[in-house]
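Note sheet for the following structure.
Reminder, nothing fancy here: chain letters follow the sequence lines and each chain counts from 1. Model, not experiment: these values are computed from the prediction.
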2 protein chains.
Amino acid sequence: MTVKLKDIAKHLNVSVSTVSRVINNRDRVDEKTRKRILEALEEFQYRPNEVARSLKSKTTKAIGLIVPGISNYFFATVIKGVEAIARQHGYHLILCMSDEDKEREGEYTDFLLQRQISGLVVAIVGREAGFFQKYKNLGIPVVFIDNLPDIDDNFDYVVIDNVKASRELTNHLIHIGHQKIAMITGSLHESVSDERLEGWKKALTENGIPINKKWVGIGDFKQESGYRIMQGFLQQAELPTAIVAANNLLAYGAMQAIMEAGLRIPEDIAVVCFDAIDFIGLIKPQLTSVIQPAEDIGTIAGEIILRKMNQTKMKVFERIMLEPQLEIKESCGYSKQADKK
Amino acid sequence: MTVKLKDIAKHLNVSVSTVSRVINNRDRVDEKTRKRILEALEEFQYRPNEVARSLKSKTTKAIGLIVPGISNYFFATVIKGVEAIARQHGYHLILCMSDEDKEREGEYTDFLLQRQISGLVVAIVGREAGFFQKYKNLGIPVVFIDNLPDIDDNFDYVVIDNVKASRELTNHLIHIGHQKIAMITGSLHESVSDERLEGWKKALTENGIPINKKWVGIGDFKQESGYRIMQGFLQQAELPTAIVAANNLLAYGAMQAIMEAGLRIPEDIAVVCFDAIDFIGLIKPQLTSVIQPAEDIGTIAGEIILRKMNQTKMKVFERIMLEPQLEIKESCGYSKQADKK
DNA sequence: CTGAAAGCGCTAACAT
DNA sequence: ATGTTAGCGCTTTCAG
């Protein structure tokens with residue numbers, strides 16, 4: 001049996017409230033009794049029961065986290081960011097993986113709500129977020145990352161400007177001489193895929209390059225999907241000279257297909273993508289890509305939650321768009337092309 | 001304000017206990033009142049407060065998880081395994097990252113304890129586990145993964161036999177003709193590093209190959225460390241023809257150093273390691289390595305916790321050693337060597 | 001079959 | 001300065 005407040009109190013012939021006071025450093029307590037209590041606390045290795053505290057204080061100091069999975073380096077890094085902030089403030093993380101499953105996402109939402117979490121950071125699967133209303137009603141702060149819901153703009157989020165990032169990535173290709181640029185993206189039911197496709201279109205249009213629908217591949221953010229789509233491109237009469245992939249796995253798949261077809265990267269076909277975080281440095285050719293500031297996304301999301309928790313007026317929303325970093329490596333062939341600026 | 005049992009009871013002019021009964025499907029309740037209650041529950045969108053339930057039931061259904069970090073694919077996958085089991089049983093995960101810091105590990109231990117977790121899965125940083133005694137006293141099941149504490153054998157764990165795995169990995173090199181085999185491992189304060197070094201020694205000794213202390217590099221499981229140690233090897237008069245690295249990052253670092261020195265892998269120096277989970281398939285040459293069944297480690301750890309929770313006698317310990325998989329790829333040069341069997 | 005009441009461990013008025 | 005007591009929201013005897 002673990003020792004509780006009452007045990008300490010009884011042992012010292014004082015009241016539980018006095019003990020509670022010294023534990024929480026509240027009010028005045030006589031120095032002598034304080035000392036005695038402190039000693040007993042130590043002697044009995046007393047540790048407050050946080051469940052009881054939570055029930056009383058109505059705050060669990062738990063931050064719920066719903067992500068598709070953590071094998072993805074991006075999400076692993078975001079979580080690392082949230083964890084850092086949480087730890088600094090005595091909060092903890094309840095980790096839930098939706099595994100790209102809408103239903104599971106909904107289940108976890110209810111689950112976390114019942115567990116009285118103090119805040120939620122979520123990367124939703126689709127573009128709907130009906131569940132969010134519940135949180136709003138309860139006054140629990142929710143911060144969206146990655147995909148954004150397709151509702152009004154009245155919510156907090158931390159993302160990058162995907163349209164802009166994709167546009168710049170594509171513009172880089174155009175800038176170094178490419179005209180025949182294909183796009184491989186994920187499901188258009190996700191804002192991220194959709195916006196990256198949008199940025200690609202924008203760049204082409206702005207540069208007077210017609211959009212070739214045959215060069216748009218819609219997949220699912222997995223390597224297999226990039227591979228398959230690229231194979232499709234390769235079977236067409238006219239080949240693109242460059243590929244924009246909406247994430248790293250799609251790019252890896254495309255690269256496989258290109259290399260298997262006996263073509264060279266970037267000489268025959270250039271490849272660029274999002275989030276090619278090659279911490280290994282051994283993938284050849286190294287991928288030119290737009291890198292999201294994943295850890296910052298996590299820390300900022302955490303900070304927003306903490307901030308919102310201590311304010312009653314939740315109507316002011318923080319809509320954070322961070323700047324991604326364009327990292328030019330080998331796969332775009334930049335160094336081998338003339339700079340036409 | 002969220003709706004509670006009392007509100008429903010009052011609304012229906014029944015007692016809270018009756019409402020509680022239908023929620024938990026306990027005892028007999030008149031069909032009519034049950035129906036009325038069920039409807040009200042639905043109407044008011046009642047959701048039980050799990051904190052209150054936990055206080056009463058003295059079980060939180062929370063599994064604590066302490067790992068160095070989740071950027072490491074191995075841990076990310078272990079967690080995925082634990083999550084699957086937890087979810088199936090209505091448990092949830094509290095994720096803590098020690099960041100390889102002993103002190104932080106200890107803090108999180110206390111932290112989780114106060115939060116009344118039902119069980120703990122932990123990858124300890126060093127080999128000590130003084131805190132473990134606390135858990136033993138409280139009757140909370142703890143399962144160790146990865147590193148094992150340097151105490152008696154009276155605890156539960158799920159690991160692989162590192163000595164054996166490392167011995168087999170090294171034997172594979174010897175088998176295909178190598179004699180000059182160097183070892184790069186992590187801190188010997190960790191059982192994992194130590195055992196992998198042990199296995200390497202064993203293989204050499206068994207094959208009558210003398211152990212050259214100059215070919216033992218002690219690093220810290222990071223890529224930088226592998227790079228630095230390999231550079232040291234390369235400066236010596238005699239070069240090894242093969243390297244055994246205790247994890248993937250050490251191997252990547254070594255590969256960098258080898259390639260920078262203008263040497264080829266595996267022609268000049270072969271490289272093998274642990275856990276080269278190359279889900280990308282683009283790292284060249286592909287690494288021969290011993291792969292730990294990470295997801296299984298997670299699920300089994302989760303299952304042990306659930307099992308132990310429902311039994312009072314905690315004295316019987318589950319010591320699970322899973323079989324890793326030796327994956328022969330390109331980096332050992334197998335296909336280019338004659339099989340001397 | 002249903003209700004009243006105790007209590008999980010703690011905090012915070014309120015009283016002394 | 002310290003003690004008494006009423007809950008936090010729920011489950012569970014124990015009566016009725």
Side-chain angles (χ1 to χ4, degrees), chain A residues 1-38 40-41 44-62 90 111 113-118 138-139, chain B residues 1-38 40-41 44-62 90 110-111 113-118 138-140:
Chain A
M1 200 52 204
T2 108
V3 42
K4 32 205 157 135
L5 261 190
K6 209 172 155 186
D7 303 325
I8 305 276
K10 198 170 287 176
H11 179 75
L12 260 45
N13 265 317
V14 296
S15 75
V16 287
S17 41
T18 305
V19 183
S20 172
R21 278 193 267 261
V22 351
I23 287 170
N24 298 292
N25 250 313
R26 279 264 197 301
D27 310 330
R28 300 243 144 280
V29 176
D30 186 84
E31 257 326 302
K32 266 188 202 143
T33 49
R34 146 166 275 119
K35 202 160 199 175
R36 283 174 60 218
I37 291 173
L38 248 20
L41 253 23
F44 289 94
Q45 287 266 52
Y46 173 79
R47 295 281 173 274
N49 179 328
E50 289 296 334
V51 173
R53 280 183 160 178
S54 289
L55 181 59
K56 181 82 225 205
S57 67
K58 298 182 158 208
T59 166
T60 53
K61 294 203 158 204
F111 185 93
L113 215 46
Q114 293 188 202
R115 260 149 202 83
Q116 319 294 118
I117 52 166
S118 301
L138 294 174
Chain B
M1 198 54 203
T2 109
V3 42
K4 33 204 156 136
L5 262 189
K6 208 170 152 188
D7 302 325
I8 305 276
K10 198 170 289 175
H11 179 75
L12 260 44
N13 264 316
V14 295
S15 74
V16 287
S17 38
T18 305
V19 183
S20 173
R21 282 186 185 100
V22 351
I23 287 170
N24 298 292
N25 249 312
R26 279 262 195 304
D27 310 330
R28 299 245 144 284
V29 176
D30 185 84
E31 256 325 303
K32 264 188 202 143
T33 49
R34 147 166 275 120
K35 200 158 198 174
R36 281 175 61 216
I37 292 174
L38 249 20
L41 253 24
F44 289 94
Q45 287 267 54
Y46 173 79
R47 296 281 174 272
N49 178 329
E50 289 297 333
V51 173
R53 278 184 162 178
S54 289
L55 181 59
K56 182 82 227 211
S57 68
K58 299 183 155 211
T59 167
T60 54
K61 294 206 157 201
D110 279 336
F111 185 92
L113 215 46
Q114 294 188 200
R115 259 148 204 83
Q116 319 295 116
I117 51 165
S118 301
L138 293 174
I140 293 173

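Atom CG in A:Asp7 sits roughly 13 Å away from atom C1' in C:dC8 (whole-Å rounding). Between B:Gln116 atom CD and C:dG9 atom P the separation is 9 Å, expressed in whole Å. Going from atom CD1 of B:Ile8 over to atom C1' of D:dC10 covers 14 Å, rounded to whole Å. In this structure, A:Asp30 atom CG and D:dT2 atom C1' are separated by 10 Å, rounded to whole Å. When the C1' atom of C:dC8 is taken as reference, atom CD of B:Glu50 falls 15 Å away, rounded to whole Å. With rounding to whole Å, B:Ile37 atom CD1 is found 8 Å from C:dT2 atom P. Atom CG of A:Leu12 and atom P of D:dA1 are 18 Å apart (whole Å). Between B:Lys61 atom NZ and D:dT11 atom P there is a gap of 13 Å when expressed in whole angstrom units.
One finds no side-chain N or O of B:Lys32 lying less than 4.0 angstrom from the OP1 or OP2 phosphate oxygen of C:dC1. At C:dG9, none of the side-chain N or O atoms of A:Tyr46 fall inside 4.0 Å of OP1 or OP2 (strictly under the cut-off). The shortest distance between the side-chain N/O atoms of B:Ser17 and the OP1/OP2 oxygens of C:dT2 is not below 4.0 Å. Dashed line: the shortest gap from a side-chain N or O of A:Ser54 to OP1 or OP2 of D:dC8 is not under 4.0 Å. At C:dT2, none of the side-chain N or O atoms of B:Arg28 fall inside 4.0 Å of OP1 or OP2 (strictly under the cut-off). Phosphate contact (OP1/OP2 of C:dA12, side-chain N/O of A:Arg26, threshold under 4.0 Å): present.
Mapping B:Val29 and B:Ala52 onto DNA chain C via the closest heavy atom, the residue that lands nearer the 5' end is B:Val29. When each of B:Val14 and A:Leu55 is assigned the nucleotide of DNA chain C bearing its nearest heavy atom, the one mapping closer to the 5' terminus is B:Val14.
The structure places CD of A:Glu31 at 5.5 Å from CZ of A:Arg34, a figure rounded to the nearest 0.5 Å. Rounding to the nearest 0.5 Å places NZ of A:Lys4 at 10.0 Å from CG of A:Asn49. For the atom pair CZ (B:Arg21) and CG (B:Asp30), the distance works out to 12.5 Å, reported to the nearest 0.5 Å.
Set against D:dT2, C:dT2, D:dT12, the side chain of B:Thr18 has C:dT2 as its closest nucleotide. In this structure, the nucleotide among D:dT11, D:dC10, C:dT11 sitting nearest to the side chain of A:Leu5 is C:dT11. Closest to the A:Lys56 side chain, of the nucleotides D:dG3, D:dT11, C:dG9, is C:dG9. Side-chain proximity of A:Arg53 to D:dG9, D:dT12, C:dC10: nearest is C:dC10. Distance from the side chain of A:Lys4 is smallest to C:dC10 among C:dC10, C:dT11, D:dT11. With D:dT11, D:dC10, C:dC10 as the choices, the nucleotide that has an atom nearest any side-chain atom of B:Asn49 turns out to be D:dC10. Checked against D:dG9, D:dC10, D:dT2, the side chain of B:Pro48 finds its nearest nucleotide in D:dC10.
Residue contacts for B:Ser57: at a heavy-atom cut-off of 4.0 Å it reaches no nucleic acid atom on any strand shown. Within the nucleic acid shown, A:Asn13 comes within 4.0 Å of sugar-phosphate atoms alone, with no base atom in reach, counting heavy atoms only. Note on B:Arg21: a base of the nucleic acid sits closer than 4.0 angstrom, heavy atoms only.
Put simply, the side chain of A:Ser57 gets close to the backbone of A:Arg53: a donor and an acceptor are under 3.5 Å apart. Side-chain atoms of A:Arg115 come within 3.5 Å of backbone atoms of A:Phe111 as a donor-acceptor pair (strictly under, hydrogens ignored).
Side chains of A:Thr18 and A:Ser15: a donor on one and an acceptor on the other come within 3.5 Å.
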